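What follows is one structure encoded as structure tokens, with my remarks underneath.
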There are 2 protein chains.
Amino acid sequence: MQKKIKLIDVAQLAEVSKSTVSQYLNGRFDYMSEKTKERIKLAIQELDYVPNPIARSLKMNTTKTIGVIVRDITGFYTSRTIRGIDDYCKKSNYNVLVYNTDFDSEIEAKSLETLYQLRVDGIIIASSGKNTQLIDKYISNGLPIVHFQLEHDGNEKNIVVSDYRKAAFDATEYLIKLGHKRICFLTQDFQSMKSRKDRYLGYCDALEKHNIGVDKALVQYWHRESGFVQTPKNMLDALNPPTVFFTQHLPITTELLKALNNENISIPDDVSLLAFDEIPMAEYLKVPITVVTQNPYEVGKEATKLLLDNISNNDAPPQKVIIPSAFIKRQSCKDVSN
Amino acid sequence: MQKKIKLIDVAQLAEVSKSTVSQYLNGRFDYMSEKTKERIKLAIQELDYVPNPIARSLKMNTTKTIGVIVRDITGFYTSRTIRGIDDYCKKSNYNVLVYNTDFDSEIEAKSLETLYQLRVDGIIIASSGKNTQLIDKYISNGLPIVHFQLEHDGNEKNIVVSDYRKAAFDATEYLIKLGHKRICFLTQDFQSMKSRKDRYLGYCDALEKHNIGVDKALVQYWHRESGFVQTPKNMLDALNPPTVFFTQHLPITTELLKALNNENISIPDDVSLLAFDEIPMAEYLKVPITVVTQNPYEVGKEATKLLLDNISNNDAPPQKVIIPSAFIKRQSCKDVSN
DNA sequence: CACCGCAACTAAATCGATTTAGTTGATTAA
DNA sequence: TTAATCAACTAAATCGATTTAGTTGCGGTG
């Protein structure tokens, strides 16, 4: 490895002390003559010197690195969120370390610990909600942490999320205006997950506004491990079946699509479909699916902005940022108002 | 920020010198009594001590971090490759820094420089082929660099790629066996890109084997900025039109799908389609598309393995690793043999 | 003309590890 | 008995920056 130029080389060439070069590098020209400044500048150019970030980190106790914890970087939304984080960080001269948890809250805890040990300057996390204590400990140790996407009891302080409630409201109202009254809300367990519950509340808001009661039989669940609690076919065979499925997450949507496919149930003739979350290649599907889509890139960007604010200003006020979603009308919702 | 425990705290508690603790940490027990070992172990446990990786980096001149340069982390394949890299790195206690170039070779150069300045231990890159000199300079400076996915003249030393030629051969032969003789090969400019040219060679191999001449009119181009040189409609309106499109990259496939859609040309009735590279949601498309798909996760894993080998063994022999692709038969290729 | 104040620097300590070159005391060989 | 050997440690230098507490020399003041 070609030996790298260091501070002392610059100092020697410019015939000044290391301290002076360091002052120069850190832009503290308070008491520095123009001649010296010029000489240092030339020496740096001449030697093509760049400070060693590791030495700097050690002394400054700052790494110019943030950690990001997500469930799977491969996800359509997640990868775009990370892109937003990345772009903003690179612009601000920060580095990004990404950790995947694979939906495992123990791996999440380990990732938090590792990032803490690595002395990252801050963390952005889509948290499971199962490591609140650990997170709070780090925060009170002075490590800024910003949440995104997944909101639950206990992390509503510094967080960036989509406008789940409003988006779900708009989508539901759109369906109502098409004449739908039996809207099946397909979701994952809420538990303490506000970001899931908010969608539900938006759905209820719209029903209420149009004087349609919330029928619990129309609120159906899907689990990441075990799939649908009731099969879509069963739901449709019920006494008073839904005329539309309103799926809340991409995996639910794809599983539903698969199930309907297998049963030869066609959209939107047999049943309509509206999905929360954009579907890759949605335009080219058998029937282009109407969706509500978040803006993950923006979420990432805003989360980073928030985090960097917190890093530079230790007592920045906690903030909740809400990113608007978009509604993309395609052809999966039939007008049943006749 | 809660003060962190350091080496000296452990040394004091265990009543030994810093040196001894350091020896312990680095597993050099050559001349260490069992009692001392035990005392240090207890002290570390007691204090919950973890060494400061930054101080270690400074002294050891190693960062336990690798850099990854891709064009867009958001891509279906890219994100999966990175996942492979990430998983392997985490297992080996390495960190990963990802840089996106957005298909811009100047940003690529800057990323290389930044990663070099950051003292990463190695770099994995899907390179544009336009920074060969810079890359070679770093390599000869002792920075291990492994390429993946994009092969061109000058980077065939340490690289992990898919079996482009064989995959294209198999796919083409599959089409020939379905009776296709006019197979339109839709690609991007080869220039010095072996990974593109190899697909073409595989295509030619298959045609030759089955005594079908290569018709240059059937080799058509698409550019990232300007789109198709000839519109798909035009290609089909030609005197002796293709019976199948064999697209070489995902963006070409989606653009083609869009164009055919607009012209109401249907697959596979009007024309067949076979795509190189898996398509997200391919099963749910209007017509499920038959594809050749690479194994990006494996590519990432192998590239990392290769890089880490190069890092730990400075003169590991250069290696070219080829990852097999898979053929997924769906319904976009019509049998025209009758 | 001695003293002060200030501009313009610099020496040395520091960050938290690793590593080299010793040191110490006990055992063994001559 | 004494030197040599060796196990079991430790002191101090080092990595490459930043920062604090000086130092130096010059111009101005009473």
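Sequence lines set the chain letters: A, B, ... in the order given, protein chains first and strands last, and positions in each chain run from 1. Please read these numbers as outputs of a predicted model, since none were measured by experiment.
- Within the 4.5 Å cutoff, no side-chain heavy atoms of B:E151 are placed close to those of B:M193.
- With contacts defined as side-chain heavy-atom distances shorter than 4.5 Å, the pair A:Q319/A:N158 qualifies.
- A:E38 and A:K35 are not joined by a salt bridge, as no carboxylate oxygen comes within less than 4.0 angstrom of a charged side-chain nitrogen.
- Salt-bridge check for B:K91 with B:D87: failed, with every basic side-chain N at 4.0 Å or more from each acidic carboxylate O.
- Backbone-only contact: A:Y49 has heavy atoms under 4.0 Å from sugar-phosphate atoms and none from a base.
- With hydrogens and angles disregarded, a donor-acceptor distance shorter than 3.5 Å links the side chain of A:N131 to the backbone of A:S105.
- Nucleic acid contact class of A:Y24 (heavy atoms, under 4.0 Å, all strands): none.
- Contact annotation for B:S57: no contact, since no heavy-atom pair falls under 4.0 Å across all strands.
- The aromatic rings of B:Y24 and B:F29 stand perpendicular to each other, their planes meeting at an angle above 60°, with 30° marking the opposite boundary.
- Between A:Q23 and B:V50, it is A:Q23 whose nearest contact on DNA chain C lies nearer the 5' terminus.
- You can see that DNA chain C meets the heavy atoms of chain A within a 4.0 Å-exclusive cut from C:dA7 to C:dG16, reading 5' to 3'.
- Here A:D102 pairs with B:R83 under the salt bridge (charged side-chain N to carboxylate O under 4.0 Å, His left out) rule; sequence neighbours left out.
- When the nearest nucleotides of DNA chain D are assigned to A:T20 and B:R119 by heavy-atom distance, the more 5′-ward of the two goes with B:R119.
- For the pair B:A55 and B:S33, nearest-nucleotide mapping onto DNA chain D gives the more 5' position to B:S33.
- An angle of 80°, rounded to 10°, separates the two end axes of the helix from C:dC1-D:dG30 to C:dA30-D:dT1, each defined over five pairs.
- At least one donor-acceptor pair closer than 3.5 Å links the side chain of B:D104 to the backbone N or O of B:I107.
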